[in-house]
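For reference, the structure discussed in these notes is given below.
Order of the sequence lines sets the chain letters (A, B, ...), proteins ahead of strands, with each chain counted from 1. We use all heavy atoms of the structure for the numbers below, so side chains are in, but hydrogens, waters and symmetry mates are not.
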Amino acid sequence: MSDTLLDGGTLAEGCHPTTEINATVNGRKVQRRVPNHYRVIDFVREELKLTGNKEGCGAGECGTCSMFVDGKLIKSCLAPVQKINGCSVETIDDLDRDAGMSLLQQAFHKCGASQCGYCIPGMVMAATSTLRRNPGASRDEIKEGLGGNICRCTGYQKILDAVELARDIQSGAVPASALEEDAEAHSFIGQRTRRLDAPAKVTGAIKYAADMFMPNMLHMQVVRSPHPHARIVRIDAETARAIPGVECILTCDDVPGVDNFGVFIEDQPTLARGVVRYVGEAVVAVAAETLDIARAAVAAIHVEYEKLPSLFDPHTAMHDGAVQLHGFAQNNICKHTRIRKGDVDAALASADVIVEQTYDTQSVEHAYLEPEAGLAYVEADGCVTVQSPSQNITHHRHMLARILGRPINKVRMIMSTVGGGFGGKEDMIYQGMLALAAIKTRRPVRYVFTREESIKVSAKRHPFNIRYTMGLKRDGRIVATKMVMVADGGAYALSTPGVMNKSAILGPGPYDIANVWVDSIGVYTNNTPSGAFRAFGAFQSEFATECHLDLCAQRLGMDPVALRRINLMRDGATTHTRQQLDRVLAVECLEAAIKAAGWDAGVPYRQGQGKPQRNDFNYEGSRQSYLIGGQTQPLVPRASSKSDVHPVKISIN
Amino acid sequence: MLTFDHYLTPKSLDEAFDVLQRMPAARLLAGATDLLPWAREGRAGDVHLPAVVDLSRIAALGGISQEGARIRIGATTPISALQRHPLLMQQAPVLGACALWFADDQIREQATVGGNLVNASPAGDTQPALLALNTHVTLVRREGDRLIERSVPLSEFILGPSRTMLQPGEILLRLEFDALPNHGVAFEKVGHRRSLAISTVCLATLVHLDASKRIDDLRIAIGAVGPVPERLTDIEDLLTGVTPTSAALREASVRVADRVRSRSRQSYRREVLSNFVERSLAAAIAHAGLDLPRIPKESQNV
């Protein structure tokens, strides 16, 4: 038996039984005693400090932690550490055998197959596995091999190109000189330019916040609200404080400065102050010697709440008499942006057709592969430094200085490599607690979110409800457009005011419309705060506009492209906010797009009207749908079979 | 997070039973690919177990062999073996077709055939394929010094979501199923994502044609549309002894909609299941050597 049974004595809080692991990692023998609940990823990253392989989800979904165990590629977040006892482990850190970069890594670099870089170690490992098993793998087989790895910056094509390039160089079909840098062209536009950070990303050498260690470092964990809206009656942290290894416990009372921050509206406390406004709001932060001790302390802290009525629907939240979530926001309205141009009512009265429709968009999680993480420490000169993947460090630095009650030159923010942000890392949500803990303990403190925590706590894309009214002439000319948009801003403002502005300004689209009415209203509710997310509000309103134009085209019996061509802004157009534009290329852009798509002009739903089906599907040059199954494993033909191979071709309906 | 007081790695069945005897609350694991994600926030949360017993190093639970017309595979055989083991590729190719849809390369190296049955997820991808192969599972327990085996048909073994006939102190030893080297096969699955998707509907079809192209053996099993996988015995009976035609496949496909017993996305599952039955019958029959044209279907989305 590999583990001797312990004598049954109870272990202290946060301390776990240990186990001895003997393994060969990247060709070197290692022998370590680690907590027995460690997974292989914990052993490699936390114990051996080999941080090339990342932990993206912790649940076997994302593939960033893929490593070889006895030559088999596995997801190390799904394997108990005991599984590698006596085995040999290969991580990305030494895939090149200390020789710079492996062929695959060079090909990734050459093809520009890395964006944020967080998925790349896993991609390189999966591609290595595919080519080791099948050096002549086809593109479809390469796709199959990468099936367990996800990229959130949508970079798959270049990754596939890179694997094909490596395969072809390996087989000698392409000379190794293909890896050399392209000759410098006269213009950078349209040229392949080498990314300076790519070598560090394809080898896993680059450090994201969760990869950083400092001597004497503490680990942070946070007590979060289970209620959407409640008053904090009492916080009992005495038991937790008594646990050996707990260095500090923070509540809002520990904030020395002005504890109200936010991008546009300062409405957010570092840790909940008297009241919690959404499920997952931070209430108490703990810094302790180990993650296990910090988790034990969090479990030992008891917060007594008095539940308050909650608001989950922005329309209800705006009613007179609804619960007020913030004292300053009348009817819970966080931001109301109005655009008024021309006379919409008169124009609607003159329209031949009025089309009305309501559109709803949902809340969306960024799901960047790198969950939030940060490391804070106090430097020798007393300057507190926070390293985190922040997309807005200068502003964060200003907010931090106010929270900490320090002059700005005593606060530093260092932007660590961002493993995907998409706007979700613009908001400061944990940096304040980290800085406070570092100041209080005089020790470095690191905080790494779990995937679940990230989804629960960080901002989402605003869900919008958009009531659309558009008046058109029979020939397709839009005479008036009216949009009333109500967005769920969640418990704190974050980027809501900016998102409302942008959704209003860009909402009616690139169309020349004389009469425009837009109301864009962001509302406080007890939902998870909404914030910036790719397109910053324009996405939601533009979605409604484009859907609405399709609907109008259908009502008018017009080709939807023709309807847009009639209405697009041209040179000299006036925008919805009455800005004069001298040069507009929208029509040229549309023409190029429809040419590339092979657009078959005509009304939609032709088949339903008994007309011939459109002929622009599977247009020459467009990407064919990907059939999986048989291509990578043709079934052995049956004895009685007439034809050679009957692959099981399956596509998802 | 999953924590435990002891992690034990027995090397033999006897050692494993010793542990179970001392610690009846110990949890058995093999690939651990379901267990670790389960013990996370949002599912079971933090789970503490007195002991976990890793069965993956017990030789008696491994091995793949042929015994006459039956194939035997050990419970800790990884799913990847279904795709790569020459014997299985030749004698039971439906398993390879189903393994291709099972999670991803990495998880197929870890997850085990036995684990996929013992966990009894309604969406377990290997279950329909194994059911169509008339699989029996062999369970072993220890009484005194004796190891006592019992064999149970897979159709009876899975009782419901996460519930099986496995008794406390009992271990799934191996699976036995028909060697069917001359059957045409098809496997269908739909889920949210190509890799790692939890099945919304999955289905395995096995068919054998006699010399005059009549169906003399047909097995269709469905999964993920009810609490347990099941065989479509009515369709099997309907088509057995028949020379298949496109019209007969269409007729069979419209009969299966009422088999969907899931609580969610019922109408979607009904449509998919019906399409899958028709398409998989056509594919399996083609694989067995008879190409049938598909009757076009009118689009319902117009």
Check your understanding: Relative to chain B, which of A:Pro35, A:Gly58, A:Gly145 shows the most heavy atom pairs under 4.5 Å?
Key ->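 That would be A:Gly58.
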Practice item. Heavy-atom pairs under 4.5 Å with chain B are the metric here; pick the option from A:His16, A:Met125, A:Arg295 that has the most. Key: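 Result: the option with the highest number of such pairs is A:Arg295.
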Measure from NZ or CZ of [X] to the centre of the six-membered ring of [Y], then state whether that distance is under 6.0 Å and the direction lies within 45° of the axis.
| X | Y | answer |
| --- | --- | --- |
| A:Arg132 | A:Phe68 | yes |
| B:Arg108 | B:Trp101 | no |
| A:Arg139 | A:Tyr156 | no |

Chain A contact via [X] - which portion, at a heavy-atom distance below 4.5 Å:
| X | answer |
| --- | --- |
| B:Glu41 | both |
| B:Asp34 | neither |
| B:Leu29 | side chain |

Check your understanding: So which part of A:Lys456 gets closer than 4.5 Å to some heavy atom of chain B, the side chain, the backbone, both or neither?
Key ->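 Side chain only.
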Review point. If you measure from the Lys or Arg side-chain nitrogens to the Asp or Glu carboxylate oxygens, is any gap between B:Arg43 and A:Glu452 under 4.0 Å?
Key: no
Exercise for review: Kindly determine whether B:Asp105 and A:Arg133 satisfy salt bridge (charged side-chain N to carboxylate O under 4.0 Å, His left out), including the steps that lead there.
Suggested key: CA-CA 12 Å; B:Asp105 266 2; A:Arg133 200 161 60 208; 2.8 Å; yes
